[in-house]
Colleague: 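What follows is a structure written as structure tokens; I'll ask about it next.
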Amino acid sequence: MPTAAPPLATPEQLAKYEPVIGLEVHVQMGTKTKIFCSCPNEFGSEPNTNVCPVCLGMPGALPVLNRQAVEFAIAASLALNCQVRQASIFARKNYFYPDLPKGYQISQYDRPVSEHGWVEIVVDGQHKRIGVTRVHMEDDAGKNTHDGYRDSDRYSYVDLNRCGSPLIEIVSEPDMRSADEAYEYLTELKLAVQYAGVSNCDMEKGNLRCDANVSVRLKGAEKFGTKAEIKNLNSFRHLKMAVDHEISRQVALIESGGRVMQETRLYNPDLDETFAMRSKEEAHDYRYFPEPDLVPLTISAEWLSRVKAAMPEMPSNRRKRFVDEFGLREYDAAVLTQERALADYYETAAAASGDPKAAANWVMGDLQALLKAENRTLEDSPVSAARLGELAGMVSKGELTGKMAKDVLAKMASTGDDARTIVEREGLKAISDTGALEAIADQIIAANLKQVEQYRGGKTTVLQFFVGQVMKATRGQADPAVAKEIVERKLAG
Amino acid sequence: MKIGEQEVRYVAGLANLSLSGAEIARMAHDLDEILTHIDKLNELDTSAVEPMAQVLYEAGETATLREDVTGASFDNETALANAPLAGAGQFKVPKIIER
């Protein structure tokens with residue numbers, strides 16, 4: 001239960017300390033079936049319908065490891081720059097809880113699937129590597145519901161559909177020194193795991209869960225302070241808020257002569273507070289031992305290299321390449337690599353356009369606006385990447401004005417035709433022939449002597465009127481900038 | 001003595017076992033004998049032997065893995081058939097008070 005709100009540290013007090021943060025991240029992998037049985041690995045089914053003797057923990061039922069789960073664990077390990085062990089061992093982690101019918105979780109202990117990786121983050125322009133201690137595989141527990149039923153004051157309800165879903169736990173080194181660094185680490189980790197195709201990492205569905213180990217020490221001190229583990233961080237925002245809050249709580253506690261307890265705390269986002277869970281010393285005595293029902297997992301060099309060969313380019317690399325190869329700004333490169341599908345789309349469009357910078361603007365600007373207006377995702381975009389690239393290229397080559405191209409894009413979306421077909425059907429063509437534009441401008445000036453008087457009398461805003469008339473006369477096929485320059489020159493003369 | 005009654009109580013607690021006083025005394029005795037025997041085994045020098053987690057260690061990587069293909073699950077009624085208490089398609093357990 002929440003106790004009285006603890007005092008928080010002043011900025012002066014906070015300035016004396018350095019926070020030390022490590023994260024434990026659980027990722028639910030996107031296999032079709034569970035890790036040790038062939039039940040569907042699905043979210044949102046009717047309670048207790050994706051269950052069988054194995055995941056219900058019935059006596060005598062035996063686990064058989066899912067090959068795809070191993071393959072995903074390898075891919076995630078490679079995405080996080082970890083070294084994959086040739087042999088790893090499953091172990092039983094023993095504890096009693098209603099969402100764990102076997103009475104133990106099958107996890108990995110002293111020989112996890114991989115170790116010694118890193119994730120690169122950028123905070124305030126500074127690049128920093130955060131160490132990844134290990135990645136290990138394990139099965140998920142079921143879901144307890146404590147509220148919402150008529151007899152919830154007396155009973156908890158247990159749905160075991162999630163029990164046996166394949167997880168990897170990714171443990172970081174205590175390398176982070178601020179809530180911002182923790183936030184960036186989780187962002188990069190998520191991106192890498194998504195790129196590797198291991199998981200959607202949908203936090204709302206619990207695909208990605210995060211616990212934070214937080215301690216503080218006086219600046220310059222070598223020894224780590226006592227850490228508290230914060231659970232229940234189910235969004236990026238909550239991670240940042242909870243870590244900041246916990247740092248402040250610990251500093252205030254030490255400054256007032258207290259001592260940080262090693263304990264597990266829960267974050268309550270409504271109160272923006274962490275509070276201690278009831279802790280029993282022995283709750284942490286899990287009595288790990290090698291799982292007798294599973295043979296050690298052997299990952300051959302061939303298998304490892306097969307997975308390696310199938311790995312996509314990682315987001316950090318891709319970002320760098322977009323800047324170096326295509327001349328994009330860092331910010332734009334970051335936006336375009338936020339999702340693998342978007343980066344793939346962009347690369348196809350860039351190749352088709354012959355002008356990667358222009359293609360970037362079309363993908364981030366008009367395409368996003370179009371998708372938003374039609375409430376669609378990139379996956380079911382009405383305009384393919386190659387076609388958008390072609391359109392962008394036509395503008396870059398001066399075949400279409402930007403304004404015309406916007407109209408053409410709308411028509412591409414509504415008709416499903418490509419840009420060239422629409423341009424030919426409608427007879428659209430940017431008038432790059434300045435002679436033709438000069439003739440039109442002459443006619444317009446001759447027909448609007450009153451406005452010419454006004455302009456020459458100093459009312460320069462009338463210029464827009466003339467440009468508008470040229471655009472109208474050319475049905476938008478003139479380049480407005482060129483039209484403006486011609487009219488301006490003629491009116492001056 | 002390698003193990004006393006206090007340790008037996010602790011381990012029994014972890015394993016959710018309630019033992020009588022007589023059982024605790026007997027367990028302490030039995031476990032002590034087992035550990036004494038293990039000590040005997042420890043006299044052998046095994047420093048050059050790789051720890052063995054499984055007797056099937058030499059099985060090839062493919063023999064022991066399952067393809068990711070969905071199989072049959074229980075329907076809800078079957079799943080809950082052994083539940084001492086059930087409701088709303090779920091197992092019901094005495095209120096969990098951890099939070």
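From a predicted model like this one, the values you see are computed outputs, not experimental measurements. Per chain, numbering begins at 1; letters A, B, ... match sequence-line order.
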Colleague: Assess whether a salt bridge exists between Lys2(B) and Asp32(B), defined as any Lys/Arg side-chain N lying under 4.0 Å from an Asp/Glu carboxylate O.
Modeller: no
Colleague: Identify which part of Pro292(A) has an atom lying under 4.5 Å from any heavy atom of chain B, answering side chain, backbone, both or neither.
Modeller: backbone
Colleague: Under a 4.5 Å heavy-atom cut-off, does chain B meet the side chain of Leu56(A), its backbone, both or neither?
Modeller: side chain
Colleague: Among Lys92(B), Glu67(B), Glu77(B), which residue forms the greatest number of heavy-atom pairs with chain A at distances under 4.5 Å?
Modeller: Lys92(B)
Colleague: For Lys93(A), is the NZ atom crowded, meaning more than 12 foreign heavy atoms sit under 6.0 Å from it?
Modeller: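 Atom NZ in Lys93(A) is crowded, with more than 12 foreign heavy atoms closer than 6.0 Å.
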Colleague: By a 4.5 Å heavy-atom criterion (distance strictly below it), what part of Asp75(B) contacts chain A: side chain, backbone, both, or neither?
Modeller: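 For Asp75(B), backbone heavy atoms alone lie under 4.5 Å from chain A.
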Colleague: If I measure from the heavy atoms of chain B, does Pro47(A) come under 4.5 Å with its side chain, its backbone, both, or neither?
Modeller: both
Colleague: So that I can tick it off, tell me whether Glu291(A) and Arg92(A) are bridged by a salt bridge, with the cut-off set at under 4.0 angstrom between side-chain N and carboxylate O.
Modeller: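 Judged by the 4.0 Å cut-off on N to carboxylate O distance, Arg92(A) and Glu291(A) do form a salt bridge.
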Colleague: Select, from Gly142(A), Cys55(A), Pro40(A), the one with the greatest count of heavy-atom pairs under 4.5 Å involving chain B.
Modeller: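 That would be Pro40(A).
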Colleague: Ignoring hydrogens and geometry, is there a side-chain-to-backbone donor-acceptor pair from Asp139(A) to Lys34(A) under 3.5 Å?
Modeller: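 A pair under 3.5 Å: no.
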Colleague: Relative to chain A, which segment of Val93(B) carries a heavy atom at a distance below 4.5 Å: side chain, backbone, both, or neither?
Modeller: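 Both the backbone and the side chain of Val93(B) come within 4.5 Å of chain A.
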Colleague: Among Asp151(A), Val54(A), Val70(A), Thr145(A), single out the residue with the greatest number of heavy-atom pairs under 4.5 Å to chain B.
Modeller: Asp151(A)
Colleague: Given a strict heavy-atom distance threshold of 4.5 Å, which part of Asn41(A) is in contact with chain B: side chain, backbone, both, or neither?
Modeller: neither
Colleague: Answer with side chain, backbone, both or neither: which region of Cys37(A) has an atom nearer than 4.5 Å to a non-hydrogen atom of chain B?
Modeller: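 Backbone only.
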Colleague: So for Asp159(A), is it side chain, backbone, both, or neither that comes closer than 4.5 Å to the heavy atoms of chain B?
Modeller: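 Both the backbone and the side chain of Asp159(A) come within 4.5 Å of chain B.
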Colleague: Pair Thr70(B), Glu42(A) - check side-chain contact (heavy atoms from CB on, under 4.5 Å), show working.
Modeller: CA-CA 11 Å; Thr70(B) 310; Glu42(A) 252 171 34; over 6 Å; no
Colleague: Pick from Asn66(A), Val64(A), Thr31(A): which one has the most heavy-atom pairs with chain B under 4.5 Å?
Modeller: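 The answer is Asn66(A).
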Colleague: Tell me whether Asp293(A) is salt-bridged to Lys102(A), with the criterion being a basic N under 4.0 Å from an acidic carboxylate O.
Modeller: no
Colleague: Could you measure the distance from the CG atom of Asn76(B) to the CG atom of Asn50(A)? Nearest 0.5 Å is fine.
Modeller: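 That separation rounds to 10.5 Å.
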Colleague: Check whether Leu294(A) gets within reach of chain B through its side chain, its backbone, both or neither, counting any heavy atom under 4.5 Å.
Modeller: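 The backbone, not the side chain.
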Colleague: Would you check if the distance from the ring center of Tyr157(A) to the ring center of Tyr149(A) is below 6.0 Å?
Modeller: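 Yes, they do, as the ring centres are separated by less than 6.0 Å.
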Colleague: Val113(A) and Leu297(A): which non-hydrogen atoms are nearest, and at how many Å?
Modeller: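 Shortest heavy-atom contact: CG2-CD2, 4.5 Å.
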Colleague: I'd like to know whether Asp68(B) forms a side-chain contact (heavy atoms from CB on, under 4.5 Å) with Arg67(A), so could you lay out the CA-CA distance, the side-chain angles of the two residues, the decisive distance to 0.1 Å, and finally the verdict.
Modeller: CA-CA 7 Å; Asp68(B) 189 21; Arg67(A) 174 194 304 279; over 6 Å; no
Colleague: Using heavy-atom distances under 4.5 Å, tell me whether Phe96(A) contacts chain B through its side chain, its backbone, both, or neither.
Modeller: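 For Phe96(A), the contact with chain B is made by the side chain alone.
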Colleague: Taking Ser152(A), Gly103(A), Ala91(A), Ala69(A) one by one, which has the highest count of heavy-atom pairs under 4.5 Å against chain B?
Modeller: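 So the answer, after comparing Ser152(A), Gly103(A), Ala91(A), Ala69(A), is Ser152(A).
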Colleague: Given a strict heavy-atom distance threshold of 4.5 Å, which part of Ala86(B) is in contact with chain A: side chain, backbone, both, or neither?
Modeller: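 Neither; nothing under 4.5 Å.
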Colleague: Is it the case that the side chain of Asn161(A) and the backbone of Thr49(A) share a donor-acceptor pair, with hydrogens and angles ignored and the cut-off at 3.5 Å?
Modeller: yes
Colleague: Answer with side chain, backbone, both or neither: which region of Phe90(A) has an atom nearer than 4.5 Å to a non-hydrogen atom of chain B?
Modeller: neither
